[in-house]
4 protein chains.
Amino acid sequence: MDTREDLVPGDTGSWRHYGATTLPKALAAALDAFAERGYDGTSIREVASRAGLSVPGLYHHYPSKQALLVSLTTTVMRELLERSRQALAEAGPTPSEQFDAVVESLLRFHMFRRNQAFVASTEMRSMEPASRAAFVALRDEQQRMLDRIVEEGVAAGEFSTRYPEDASRAVTTMCVAVASWYHPDGPLSPDEIVTRYLAIARCTVGAR
Amino acid sequence: MDTREDLVPGDTGSWRHYGATTLPKALAAALDAFAERGYDGTSIREVASRAGLSVPGLYHHYPSKQALLVSLTTTVMRELLERSRQALAEAGPTPSEQFDAVVESLLRFHMFRRNQAFVASTEMRSMEPASRAAFVALRDEQQRMLDRIVEEGVAAGEFSTRYPEDASRAVTTMCVAVASWYHPDGPLSPDEIVTRYLAIARCTVGAR
Amino acid sequence: MDTREDLVPGDTGSWRHYGATTLPKALAAALDAFAERGYDGTSIREVASRAGLSVPGLYHHYPSKQALLVSLTTTVMRELLERSRQALAEAGPTPSEQFDAVVESLLRFHMFRRNQAFVASTEMRSMEPASRAAFVALRDEQQRMLDRIVEEGVAAGEFSTRYPEDASRAVTTMCVAVASWYHPDGPLSPDEIVTRYLAIARCTVGAR
Amino acid sequence: MDTREDLVPGDTGSWRHYGATTLPKALAAALDAFAERGYDGTSIREVASRAGLSVPGLYHHYPSKQALLVSLTTTVMRELLERSRQALAEAGPTPSEQFDAVVESLLRFHMFRRNQAFVASTEMRSMEPASRAAFVALRDEQQRMLDRIVEEGVAAGEFSTRYPEDASRAVTTMCVAVASWYHPDGPLSPDEIVTRYLAIARCTVGAR
DNA sequence: TATGAATGAGACTTCATTCAT
DNA sequence: AATGAATGAAGTCTCATTCAT
């Protein structure tokens, strides 16, 4: 059920590293389908067929369509948070360094986990209340992590924005949006995208 | 088919003014439903019921569910473009002034037409190829309008961003995202949001 | 409501003459549609549209879809019977002469009223019981007219068939079937078809 | 897909033998319903109910209403052709013997497969183009088989008709029509009907 | 573990028909 | 005499889900 390589706490920089996702084939099939056609636009038969399973075969692994969505989306915010925390933990003490670390983490995640991230944010409304609440809570926590850094950066005179909370949200927004257009075969490498967006994000909060 | 008050070309500032939307009730019902539950998640019964019509009554006015979506989404980008063009036309000659005008236009539009804008961007994948292509073309044109301004701003030394195209997209992204959280009853007035996001957007491109 | 030129009793040979059908446009539209797609396969909208009427406009003239069918089919057998009777009345006294007259009448009718004849026989099952019964009664009467002639021909030694009733039905069948393939633009003229089928029909009952 | 007992090539006279049809119950239900009310007049619910299935249960076996029709009609002409070919193969060398064989085959088929034959010819217009074309091709082949025999019979001086092609079609027509009135509980046994119609058909082509 | 068969509910859409205007 | 608008019922088909095997 756990879909990612474990992040070893002591392993410096491991938050930057993304192996090939190793989702169980049923989840991988659901992910692709949901990303392409949306939750409501995807039938359980479509998922089963993409997974090379019969419909009851699929139900043997997951009790419902909703369970597939939940399985796909609950992990994803947890992983993002964990990676961001690790990035933060390894960053230097200044808000600028911390800002860079968390933004880079956001960016990489939305490139390497773009489908999961995209489906999770798109299909929030299709989640049952409990799962949605859990998801929202994690997402807010992630947002607050960046908010706090921006706030501290302003307090420390490192960032000059007059609207720290809005700027922080704007930064998150632009990082999240990467998931909706980034493609591994595109013209820009992940590293290049990180370079550019980091520069832009710093401007957004008025760094330096 | 035209759902908004006409923008009078000579009427200075009319791009800033948004009257109450006067969508036909069937379209209004579809819009609300699509915004809440998505295109695939909305049944034609739901739309009819919200519109106070029987199902065949709804079909009397619109020949298909897809037609409702198309009706809703084709107008919306056209209106945004028209307003942005008007804002640009009325703006002063400097890239900074033009940037402010177009960004403000984007912001206001995504607040006052938030549902239409939201549905259009969310349900692109549910549109039939022809409608989707038309929509994408208009959206790209809108994006290029801002791209050009940012580029000129950089050339003129008014903007300092090293990545004009990416910064321009980031600005659009943050403006568009307003549609997904803004609510008239929220704590911030549209004017206040314009003030804040304009400041942030200027920073993003490294204005002044 | 009466759809054919009147057959003047004293007008010799008028049973052979078919003017252009002068059905009211609604009936003409229904006839074409029923012939092409069948009664159940035709919608009232299709009929109205072919007739150049609005749907309520059509209902103003005919109270129901069934009424269109009834209007189309009740007249048709009546006309056939009338023409056959006239042909018979004008024929000479021998069974052979009478057989020829009635068969020719059947043939011409199924060429010049082919759509009506086709729809009437095809859509019997779509008629309400009363209309169907009336139609069947007339059809049986038409059949018995030929049966009697064949029987008399056999009694008179003019026909040699051992199965007069079956042969009579076979002759009717082949004449009726003409409606399903004859076309005015086809290679054979009505007169030529009459010549050929009359010869064949005579053989079928073993004439001479 | 094959719905009849196999015709064993070497089994003399097997073209005369018709066991009880063993259509899958869904097809049998569709056949009865189509025969009674026509394709367009039959709802899928009606078929399912006659078959003792729920509607989705029916769709589990056949993907569409059209598929039911196609399944019913494609086999039928193939079987007729096969039986006619076998009858022809077993017949003596003279056109008269061959004529008798093929006509008897036509007659028996339209008695023992009367519903299939009836539906196939009645619902040609309801078939999708591809299936219709296939059906027409087979039907034409069957017709040409008889045409050739009649032609040869005329050439050999065994038949005296002056219009071989038309007479051949007339014979086919009367045989096909048997399907629309024959009923196992009727007064005439199949053998008796064969006797009578064979005599009549011979007359029609002017045999001997 | 996997599957063919099944189903109640509901999807979109069209039907014949009516009625106020 | 004609029409725009409306509707209850029914059309074909697909949904997520279950169960015997």
Side-chain angles (χ1 to χ4, degrees), chain A residues 26 30 39-49 51-69 126, chain B residues 24-26 30 37 39-49 51-69 126, chain C residues 24-26 30 39-49 51-69 126, chain D residues 24-26 30 37 39-49 51-69 126:
Chain A
Y39 180 77
D40 284 314
T42 299
S43 76
I44 212 83
R45 286 190 135 74
E46 166 82 4
V47 175
S49 150
L53 289 171
S54 66
V55 169
L58 179 60
Y59 273 93
H60 184 264
H61 298 291
Y62 297 88
S64 69
K65 190 183 177 186
Q66 179 71 210
L68 288 165
L69 181 60
S126 304
Chain B
K25 65 182 173 174
R37 327 176 77 88
Y39 180 77
D40 284 315
T42 299
S43 78
I44 214 81
R45 277 185 153 75
E46 168 80 7
V47 175
S49 147
L53 289 172
S54 65
V55 170
L58 177 61
Y59 273 91
H60 181 71
H61 298 287
Y62 297 87
S64 68
K65 190 184 178 185
Q66 177 74 206
L68 288 167
L69 181 60
S126 305
Chain C
K25 64 181 174 174
Y39 179 77
D40 284 315
T42 299
S43 77
I44 212 82
R45 285 191 135 75
E46 167 82 4
V47 175
S49 150
L53 289 171
S54 66
V55 169
L58 178 60
Y59 273 94
H60 185 262
H61 298 291
Y62 298 88
S64 69
K65 189 184 178 187
Q66 179 71 210
L68 288 166
L69 181 61
S126 304
Chain D
K25 65 181 174 174
R37 326 176 77 89
Y39 180 76
D40 284 315
T42 299
S43 77
I44 214 82
R45 278 186 153 75
E46 168 80 7
V47 175
S49 147
L53 289 171
S54 65
V55 169
L58 178 60
Y59 273 92
H60 181 68
H61 298 286
Y62 297 88
S64 68
K65 191 183 177 185
Q66 178 73 208
L68 288 167
L69 181 61
S126 304

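Keep in mind that what you see is a predicted model, and the values were worked out from it rather than measured. Proteins come first, then strands; the chains are lettered A, B, ... in the order of their sequence lines, and each starts at number 1.
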Exercise. Given side chains that start at C-beta, do those of Leu53(A) and His60(A) come closer than 4.5 Å, heavy atoms only?
Worked result: no
For this session: Could you check whether Ser43(D) gets within reach of a base, just the sugar-phosphate, or nothing at all, counting any heavy atom under 4.0 Å?
Result: sugar-phosphate
For this session: Please tell me which of Tyr39(B) and Pro56(A) maps to the more 5' nucleotide of DNA chain E, matching each residue to the nucleotide holding its nearest heavy atom.
Result: Pro56(A)
Problem set entry | Heavy-atom side-chain contact between Val47(C) and Val55(C) under 4.5 Å | no
Seminar exercise, completed: Of Gly57(C) and Asp40(D), the one whose closest nucleotide on DNA chain F sits nearer the 5' end is Gly57(C)
Exercise. Under a 3.5 Å cut-off for both distances, is dT14(F) Watson-Crick or wobble paired, and to whom?
Worked result: dA9(E)
Problem set entry | Proximity to the side chain of Val55(C) - top-ranked nucleotide from dT18(E), dT12(F), dA6(F) | dT18(E)
Problem set entry | Nucleotide forming a Watson-Crick or wobble pair with dT21(F), both distances under 3.5 Å | dA2(E)
Exercise. Where the side chain of Ile44(B) is defined as all heavy atoms beyond and including C-beta, which of dT13(E), dA16(E), dT7(F) is the nearest nucleotide?
Worked result: dT13(E)
Problem set entry | Tyr39(D) (side chain) donor-acceptor with Gln66(D) (main chain) under 3.5 angstrom | yes
For this session: Just call it for His60(C): base, sugar-phosphate, or nothing, with non-hydrogen atoms closer than 4.0 Å on any strand.
Result: base
Exercise. OH of Tyr62(D) versus P of dA5(E): gap in Å, rounded?
Worked result: 11 Å
For this session: On DNA chain F, check which nucleotide each of Gln66(D) and Lys65(A) is closest to and give me the residue with the more 5' one.
Result: Gln66(D)
Exercise. Rounded to whole angstrom units, what separation is found between the CG atom of Leu58(D) and the P atom of dA5(E)?
Worked result: 13 Å
For this session: Write down the distance between CZ (Arg45(B)) and P (dC12(E)), rounded to a whole number of angstrom.
Result: 8 Å
Problem set entry | Given dG4(F), dT17(F), dA2(E), the nucleotide with the shortest approach to the side chain of Ser64(A) | dT17(F)
Exercise. What's the OH-P distance between Tyr59(A) and dT21(F), to the nearest Å?
Worked result: 22 Å
For this session: Examine dA6(E): is either OP1 or OP2 under 4.0 Å from a nitrogen or oxygen in the side chain of His61(D)? Give yes or no.
Result: yes
For this session: Evaluate the side-chain proximity of Tyr59(C) to Ser54(C): yes if any heavy-atom separation is below 4.5 Å, no if none is.
Result: no
Exercise. When the distance from CG of Leu53(D) to P of dC13(F) is rounded to whole Å, what number comes out?
Worked result: 16 Å
Problem set entry | Atom-pair distance (CD on Glu46(C); P on dA16(E)), nearest Å | 10 Å
Problem set entry | Distance, rounded to the nearest Å, where Leu68(B) contributes CG and dT13(E) contributes C1' | 13 Å
Problem set entry | Side chains of Ser43(C) and Glu46(C) in contact at under 4.5 Å (non-hydrogen atoms) | yes
